[in-house]
> 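Before anything else, here's the structure in question.
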Amino acid sequence: MSGNNFIDYVKFCSRSGHGGPGAVHFRREKHVPKGGPDGGNGGRGGHVILKGNSQLWTLLHLKYRKHVIAENGMPGGSMKSTGADGKDEILEVPLGTVAKDSETGEILCEITEHDQEVILSPGGRGGLGNENFKNSVNQTPRYAQPGEEGETRWVILELKLLADVGLVGFPNAGKSTLLSSVSAAKPEIADYPFTTLTPNLGVVGYRNDQSFVMADIPGIIEGAAEGKGLGLRFLRHIERNSMLLFLVPVDAEDLNKEYEILVDELKRYNPELLDKQRLIALSKTDMLDEELMKEMEQTLSFDVPYVFISSVTGQGIQTLKDKIWQTLNSDR
Ligand SMILES: Nc1nc2c(ncn2[C@@H]2O[C@H](COP(=O)(O)OP(=O)(O)OP(=O)(O)O)[C@@H](O)[C@H]2O)c(=O)[nH]1
Ligand SMILES: [Mg+2]
């Protein structure tokens, strides 16, 4: 689920159907020379609907749909028959999809549950047929309403990942390496910053048949909240994670400071992120010998629990998984 197949942003034109026009018609029966009005109502235009589907993980299937157009309603008929409603256009989307108006940026809706349906563009109402306009003054109305027009708007869909654990760290901290060592995901790994350009998800197996989902996002640097580095576009992905795992490499110059910068960026982006449970993994422990490790540990002043790990040797990985599991399953 990594690399190019991950599409978390699409833009398309959503157009609901016009309502069908009402009919102008008069009854025709053999022995009734002047039948009354019997023109039926037009059908409703089709809606464009978003529907949550918990089996979907990306917006890839919508990548090439530039226009989503629902059917128009059918016109009303004689004998008060109502025209058929236009067929709705239903777009299935992963949970965590947010729809915005592309011009105003206004949030239109958020899909968070399986089978949740939200009308993105409502179809136009059908027009009333002339049968509705009969009154004591006018017994033979030659008027029927036209159908209401459908709506057209450009819409952006954005996906916020619904992973259980979000990895937070500077570029090169070893986030992708950790994800690849605990899951089947194959993110790109390299010794230069910003290797990861789009988020990667991996399912981490835990003991017997249990699992949780971990998300590796691009590295965060000082100033990210103001748009530095890859900036905001990726911070939004961790808003939904139920816990955050901070990765700080043991060879960092100042581990406390690195953690503080990360926390500060998250806080500036969205203070609610700090309500989430946090855990620190001190990564790349294979790079320090025991002596240096002990020395370094004396200097730590973290406000949340930490674990030493090495994705290369596997040291501490099981302990880390246990801690994550406990955290995810604690009621705080
Ligand atoms: N010795 C050692 N090197 C590691 C370990 N984990 C990662 N590395 C190395 O650190 C470098 C960066 O690793 P990545 O996993 O790409 O780092 P990242 O945090 O995903 O980086 P960005 O995607 O740029 O944000 C690579 O050269 C890895 O091989 C580890 O446990 N031990
Ligand atoms: Mg990476």
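In each ligand, atom 1 is the first atom listed, and ligand 1 is the first ligand listed. Computed from heavy atoms alone, side chains included, the values below leave out hydrogens, waters and symmetry copies. The structure displayed is predicted, hence computed values, not measured ones.
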> Any luck finding a side-chain donor-acceptor pair between Asn138 and Tyr143 under 3.5 Å?
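No pair is found: no donor N or O on one side chain lies under 3.5 Å from an acceptor on the other.
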> Give yes or no for whether the N/O distance cutoff of 3.5 Å, strictly under, is met between Gly219 and ligand 1.
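Looking only at distances, the answer is yes, because the N/O contact criterion of under 3.5 Å is met.
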> Does the N or O separation between Gly174 and ligand 1 drop below 3.5 Å for any pair?
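Right, the criterion is met.
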> For ligand 1, which atoms, with element, lie under 4.0 Å from some heavy atom of Tyr192?
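Listed by number with element: 24 (O).
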> For atom 32 (N) of ligand 1, what is the closest protein heavy atom, and at what distance to 0.1 Å?
Asp286 OD1, 2.8 Å
> Give me the nearest non-hydrogen protein atom to atom 30 (C) of ligand 1 as residue plus atom name, then the distance to 0.1 Å.
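Residue, atom and distance for the closest contact: Val312 CG2, 3.4 Å.
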> Give a yes or no on whether Asn172 keeps an N, O or S atom under 2.8 Å from the Mg ion (ligand 2).
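Not a single backbone or side-chain N, O or S atom of Asn172 is under 2.8 Å from the Mg ion (ligand 2).
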> Answer with yes or no whether the side chains of Asp88 and His47 bring together a donor and an acceptor at under 3.5 Å.
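No, Asp88 and His47 have no side-chain donor paired with an acceptor closer than 3.5 Å.
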> Distance-only, no hydrogens or angles: does the Lys66 side chain make a donor-acceptor pair with backbone N or O of Lys11 under 3.5 Å?
yes
> Could you tell me if the side chain of Arg278 sits less than 4.5 Å from the side chain of Leu245, heavy atoms only?
no
> Thinking salt bridges, do Arg268 and Glu265 make one under a 4.0 Å N-O criterion?
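Yes.
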> Are any of the N/O atoms in Pro218 less than 3.5 Å from those in ligand 1?
no
> Side chains of Asn172 and Asp191: do they bring a donor and an acceptor to under 3.5 Å?
no
> Among all the protein's non-hydrogen atoms, which is closest to atom 19 (O) of ligand 1, and how far away is it?
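Protein heavy atom at minimum distance: Lys175 NZ, 2.7 Å.
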> State, with a plain yes or no, whether a side-chain heavy atom of Phe308 is found less than 4.5 Å away from one of Glu297.
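Answer yes - side chains close enough.
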> Would you give the length of the straight line joining atom CG of Leu50 to atom CD1 of Ile119, rounded to the nearest 0.5 angstrom?
10.5 Å
> Does Ser176 put an N, O or S atom under 2.8 Å from the Mg ion (ligand 2)?
yes
> I'd like to check which ligand 1 atoms, numbered from 1 as shown, lie under 4.0 Å from a non-hydrogen atom of Met287.
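Those atoms are 1 (N).
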> By number and element, which atoms of ligand 1 are closer than 4.0 Å to a non-hydrogen atom of Thr177?
6 (N), 7 (C), 13 (O), 14 (P), 15 (O), 28 (C)
> Are Ser176 and Asp216 close enough that a side-chain donor and a side-chain acceptor fall under 3.5 Å?
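Result is yes, a qualifying pair exists.
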> Heavy-atom contact under 4.0 Å between Gly169 and ligand 1?
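Flag not set, Gly169 not near ligand 1.
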> Quick one: look up the protein heavy atom nearest atom 26 (C) of ligand 1 and list residue, atom name and how far away it is.
Ala190 O, 3.6 Å
> Ser311 heavy atoms, cut-off 4.0 Å: which ligand 1 atoms fall inside?
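Going through ligand 1 atom by atom, the ones under 4.0 Å from Ser311 are 31 (O).
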> Answer yes or no: does an N/O atom from Pro171 fall short of 3.5 Å to an N/O atom of ligand 1?
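Between Pro171 and ligand 1, no N or O pair is found under 3.5 Å apart.
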> Under a 3.5 Å cutoff, is there a donor and acceptor pairing between the side chains of Thr285 and Ser310?
no
> Using a 3.5 Å cut-off on N or O atoms only, is Asn172 in polar contact with ligand 1?
yes
> Assess whether a salt bridge exists between Glu148 and Arg125, defined as any Lys/Arg side-chain N lying under 4.0 Å from an Asp/Glu carboxylate O.
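A salt bridge is present here (some side-chain N lies under 4.0 Å from a carboxylate O).
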> Is there a nitrogen or oxygen of Ser283 sitting under 3.5 Å from a nitrogen or oxygen of ligand 1?
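In fact, backbone or side chain, Ser283 has no N or O that close.
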> Compute whether any side-chain donor of one residue and acceptor of the other, for Asp322 and Gln326, lie under 3.5 angstrom apart.
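There is no such pair between these side chains.
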> Hey, which atoms in ligand 1 end up nearer than 4.0 Å to a heavy atom of Asp191?
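It comes down to these atoms of ligand 1: 27 (O).
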> Given Ser310, Gly316, Ser176, which one has a non-hydrogen atom that is nearest to atom 20 (O) of ligand 1?
Ser176
